Participant: 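Sharing a structure with you now.
Proteins get letters first, then strands, A, B, ... in listed order; numbering begins at 1 in each. What you see is a predicted model, and the numbers here were worked out from it, not measured in a lab.
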Amino acid sequence: MARPSAPRGLPDVVPPASEHLEEAEALARSLFDRYGYRRIEPPVMEYTEVFQRAAGDSSEVVLDKQMYTFTDRSDRSLTLRPEGTAGVVRAFIENDLGKKLPQPVRLFTIGPMFRYERPQKGRDRQFEQIDVECIGSASPVIDAEQLVLASEFFERLGLEVQLNLNSMGDLADREKYWPVLREALSDKIEDMCDDCHVRLEKNPLRVFDCKVPECRKILRAGDIPPISEFLGEESRAHYEALQEMLETLGIAWKDAPHLVRGFDYYTRTVFEFDIPSLGGRPTVCAGGRYDGLVEQLGGAPTPAIGFAIGVTPTLIAMEEKEAAKPWQPELFVVWTEGVASVALATATDLRRAGLRVAMSDEAKSFRSQLRSAERLGARTVVIVGADEVARRVAKIKDMMSGDEREVALDGLVKELRTR
RNA sequence: GUGGCUGUAGCUCAGCUUGGUUAGAGCGCCUGACUGUGGCUCAGGAGGUCGGGGGUUCAAGUCCCCUCAGCCACCCCA
């Protein structure tokens, strides 16, 4: 290797993508603030045990392969976080946030996550996620609040999303459902793929995620009852209350009776937001209620719900829609030989006044500088040439109309700021 | 992790089958025509470790091996 390259799957985020990232994350911060979600920043790595305990034994074999796990110098096993929830919940417990903060506790974190997977477009080994959690309430009001919050996020980015919604019931509901599912599939299992045989043994609900056409056909045939028909009284009431609130809020959703999660800790509400135009992997946000996780990680039994926004696919969708704009100056300062200091001082004054200002680094020809202004998309050009400086004025040129007018240098900032 | 496709200029690609003088195009970029005024046009220019390493050969972008990276499907999607 003649030149060093970034490790496989670890992306450089460069402009304009980095600006899209900033736009999305800045929006998230301001939006979450209005909903009362407060920032928490757990470390990017945890003792491996944290993630293992969170995952339970539902799919440990596969997960271990996809985690960035290593041994530190003190021979402890650490893992770069593959997702946000486990670390947030661990921090919630460790910092006694269940006692220190008003309940329920609303938290969000934004940052990189790591999964050792084969990279593809929109699937890197390091990727940004926006993680939102509300810990300490079992009320469907919180479920609805989170769905509104996620909806508003995408709406404000100008992205059209589809919400897929389901309820998986609680653990007791699922234990009743498993034998029903196994029974319903018993005479069809022979036609299903090897993976589904394993799934039916270890994690039966995951058969609904199978992509093999044969399996899909069988599962969609209609004689397989979905889990939503096996919800207990409380789970059913919870789900109905949520749906009623969504209707009142005008949030559209699609019933997804086969939508499931791979982890044991998920209970009741599960959801995904898709952007169909993304094709193969359309999901930009996924989440659900996890009433069992806090206890599973050693805390007091505490209900909770959360979701994660995949920033990478969101950025791809923004770029496809051209919903994101690259950096663009409002003003471009044109100058000539000998007045560099005045030109730079003028640009600096305008920048201090809050304007986005670009300026050539050399006293190039007017033609060249105006061409730059045009290409950068500046709407207004400020001309500070030797002639103007001698008379203590600047020319202001409107790039749309081509009109020019002169303004005293002293009053320039005031003039342009109030436009 | 499995299977497959692709790496040539900033971008999109041609050239590879049938090895042979200075490796091309379009777009973009820079400069000039217009010596202080953008978009259009015209002219000129810069820019290339042909992903990297090794091999075969008088000669490799072209053939062979290895390797790295990207992409697609699977897997997985906490």
Participant: Scan A:Asp387 against the nucleic acid and name what it touches under 4.0 Å (heavy atoms): base, sugar-phosphate only, or nothing.
Facilitator: base
Participant: With heavy-atom distances below 4.5 Å as the criterion, would you say the side chains of A:Val148 and A:Tyr35 are in contact?
Facilitator: yes
Participant: Say you pick atom P in B:rC30 and the same atom in B:rC76; how far apart are they, in whole Å?
Facilitator: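 Between the two P atoms, the distance is 50 Å.
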Participant: Both distances below 3.5 Å, Watson-Crick or wobble geometry, any strand: find the nucleotide opposite B:rC42.
Facilitator: B:rG32
Participant: What is the nucleic acid contact for A:Lys397, judged by heavy atoms within less than 4.0 Å: base, sugar-phosphate only, or nothing?
Facilitator: base
Participant: Determine whether any donor atom in the side chain of A:Arg118 lies under 3.5 Å from an acceptor atom in the base of B:rG70, or the reverse, and answer yes or no.
Facilitator: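 Answer is no: no donor-acceptor pair is held.
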Participant: Would you mind telling me which of B:rA73, B:rU37, B:rC71 lies closest to the side-chain atoms of A:Arg281?
Facilitator: B:rA73
Participant: Distance check, C1' atoms only: B:rG4 and B:rA43, in whole angstrom units.
Facilitator: 48 Å
Participant: Considering heavy-atom distances to RNA chain B, does A:Lys211 or A:Ala6 have its closest nucleotide positioned more toward the 5' end?
Facilitator: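 By nearest-heavy-atom nucleotide position, the 5'-most residue is A:Ala6.
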Participant: 5'-most contact on RNA chain B: A:Ile383 or A:Gly9, nearest heavy atom basis?
Facilitator: A:Ile383
Participant: Tell me the partner of B:rU56, counting only Watson-Crick (N1-N3 plus N6-O4 or O6-N4) or G-U wobble (N1-O2 and O6-N3) with both under 3.5 Å; none if nothing fits.
Facilitator: none
Participant: In whole Å, what separates the P atom of B:rC40 from that of B:rA78?
Facilitator: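 So the two P atoms sit 49 Å from each other.
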Participant: Take atom CD of A:Glu272 and atom C1' of B:rA78, then tell me their distance rounded to the nearest Å.
Facilitator: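 For the pair A:Glu272 CD and B:rA78 C1', the rounded distance is 12 Å.
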Participant: Starting at atom CD of A:Gln129, determine the distance to atom C1' of B:rA78, rounded to an integer number of angstrom.
Facilitator: 9 Å
Participant: Take the protein atom CD1 of A:Ile316 and the nucleotide atom P of B:rC72, then report the distance between them rounded to whole Å.
Facilitator: 9 Å
Participant: Quick check for you: among B:rG38, B:rA69, B:rA78, whose closest atom lies nearest to any side-chain atom of A:Arg8?
Facilitator: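 Minimum distance to the A:Arg8 side chain belongs to B:rA69.
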Participant: Looking only at side-chain atoms of A:Ala286, point me to the closest of B:rU2, B:rA78, B:rG38.
Facilitator: B:rA78
Participant: Roughly, in whole Å, what's the span from CG in A:Asp124 to P in B:rC72?
Facilitator: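 Rounding to the nearest Å, CG of A:Asp124 and P of B:rC72 are 11 Å apart.
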Participant: Does one side chain, of A:Arg268 or A:Ser235, offer a donor that lies under 3.5 Å from an acceptor on the other?
Facilitator: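 Judged by distance alone, the side chains do pair up.
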Participant: Say you pick atom P in B:rG19 and the same atom in B:rU57; how far apart are they, in whole Å?
Facilitator: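 Roughly 16 Å separates the two P atoms.
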Participant: Examine the side chains of A:Glu133 and A:Tyr290 and answer whether a donor and an acceptor come within less than 3.5 Å of each other.
Facilitator: yes
Participant: Check every atom of B:rG38, B:rA78, B:rC72 against the side chain of A:Gln120 and return the nucleotide holding the closest atom.
Facilitator: B:rC72
Participant: Rounded to whole angstrom units, what separation is found between the CZ atom of A:Arg375 and the P atom of B:rC40?
Facilitator: 8 Å
Participant: Can you find a donor-acceptor pair, distance only, under 3.5 Å between A:Arg261 side chain and B:rA78 base?
Facilitator: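 Under the 3.5 Å cut-off, the side chain and the base do not form any donor-acceptor pair.
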Participant: In whole Å, I'd like the distance from the CE atom of A:Met399 to the C1' atom of B:rU37.
Facilitator: 9 Å
Participant: Do A:Tyr37 and A:Phe108 have ring centres separated by under 6.0 Å?
Facilitator: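 Aromatic pair excluded; centres sit 6.0 Å or further apart.
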Participant: Would you mind reading off the distance between A:Arg371 atom CZ and B:rA33 atom P, rounded to a whole angstrom?
Facilitator: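 Spelled out: CZ on A:Arg371 to P on B:rA33 is 10 Å.
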Participant: Decide yes or no for A:Arg90 and A:Pro43: does some side-chain heavy atom of the first lie under 4.5 Å from some side-chain heavy atom of the second?
Facilitator: yes
Participant: Does atom CD of A:Glu49 have more than 12 heavy-atom neighbours from other groups under 6.0 Å away?
Facilitator: no
Participant: Provide the Watson-Crick or G-U wobble partner of B:rG70, both distances under 3.5 Å; none if there is no partner.
Facilitator: B:rC5
Participant: I'd like to know whether A:Glu330 forms a salt bridge (charged side-chain N to carboxylate O under 4.0 Å, His left out) with A:Arg417, so could you lay out the CA-CA distance, the side-chain angles of the two residues, the decisive distance to 0.1 Å, and finally the verdict.
Facilitator: CA-CA 11 Å; A:Glu330 292 156 304; A:Arg417 193 170 44 188; over 6 Å; no
Participant: Distance check, C1' atoms only: B:rC27 and B:rU18, in whole angstrom units.
Facilitator: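 Taking atom C1' in both B:rC27 and B:rU18, they lie 32 Å apart.
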Participant: Given the structure, check if the side chain of A:Glu388 and the base of B:rG36 hold any donor-acceptor pair shorter than 3.5 Å.
Facilitator: yes
Participant: When you get a sec, tell me which of B:rU31, B:rA78, B:rU37 is the closest nucleotide to the side chain of A:Lys395?
Facilitator: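 The answer is B:rU37.
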Participant: Sticking with atom P, work out how far B:rG28 lies from B:rC75, rounded to a whole angstrom.
Facilitator: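 Comparing P positions in B:rG28 and B:rC75 gives a spacing of 43 Å.
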Participant: Counting heavy atoms from C-beta on, name the nucleotide in B:rC72, B:rA78, B:rU37 closest to the side chain of A:Phe263.
Facilitator: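 For A:Phe263, the side-chain atoms sit closest to B:rA78.
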Participant: Is any side-chain heavy atom of A:Phe127 less than 4.5 Å from a side-chain heavy atom of A:Val311?
Facilitator: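 SC-SC contact between A:Phe127 and A:Val311 ruled out.
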Participant: Is there a donor and acceptor pair, one atom on the side chain of A:Arg123 and one on the base of B:rC71, closer than 3.5 Å?
Facilitator: no
Participant: Using atom C1' of each nucleotide, how far apart are B:rG55 and B:rA14 to the nearest Å?
Facilitator: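 Between the two C1' atoms, the distance is 28 Å.
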Participant: Heavy atoms from C-beta onward define the side chain here; which of B:rG38, B:rC72, B:rA78 lies closest to that of A:Met67?
Facilitator: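 Within the option list, the nearest is B:rA78.
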Participant: Less than 4.0 angstrom between a side-chain N/O of A:Ser365 and OP1 or OP2 of B:rG32, yes or no?
Facilitator: yes
Participant: Mind checking who B:rA23 pairs with, Watson-Crick or G-U wobble, both distances under 3.5 Å?
Facilitator: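 Pairing partner: none.
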Participant: If I pick the P atom on B:rU62 and the same atom on B:rA23, what distance separates them, to the nearest angstrom?
Facilitator: 14 Å
Participant: Base, sugar-phosphate, or nothing: which does A:Gly402 touch, judged by heavy atoms less than 4.0 Å apart?
Facilitator: base
Participant: Nearest whole angstrom, please: distance from the C1' of B:rG38 to the CD of A:Glu404.
Facilitator: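 Spelled out: CD on A:Glu404 to C1' on B:rG38 is 11 Å.
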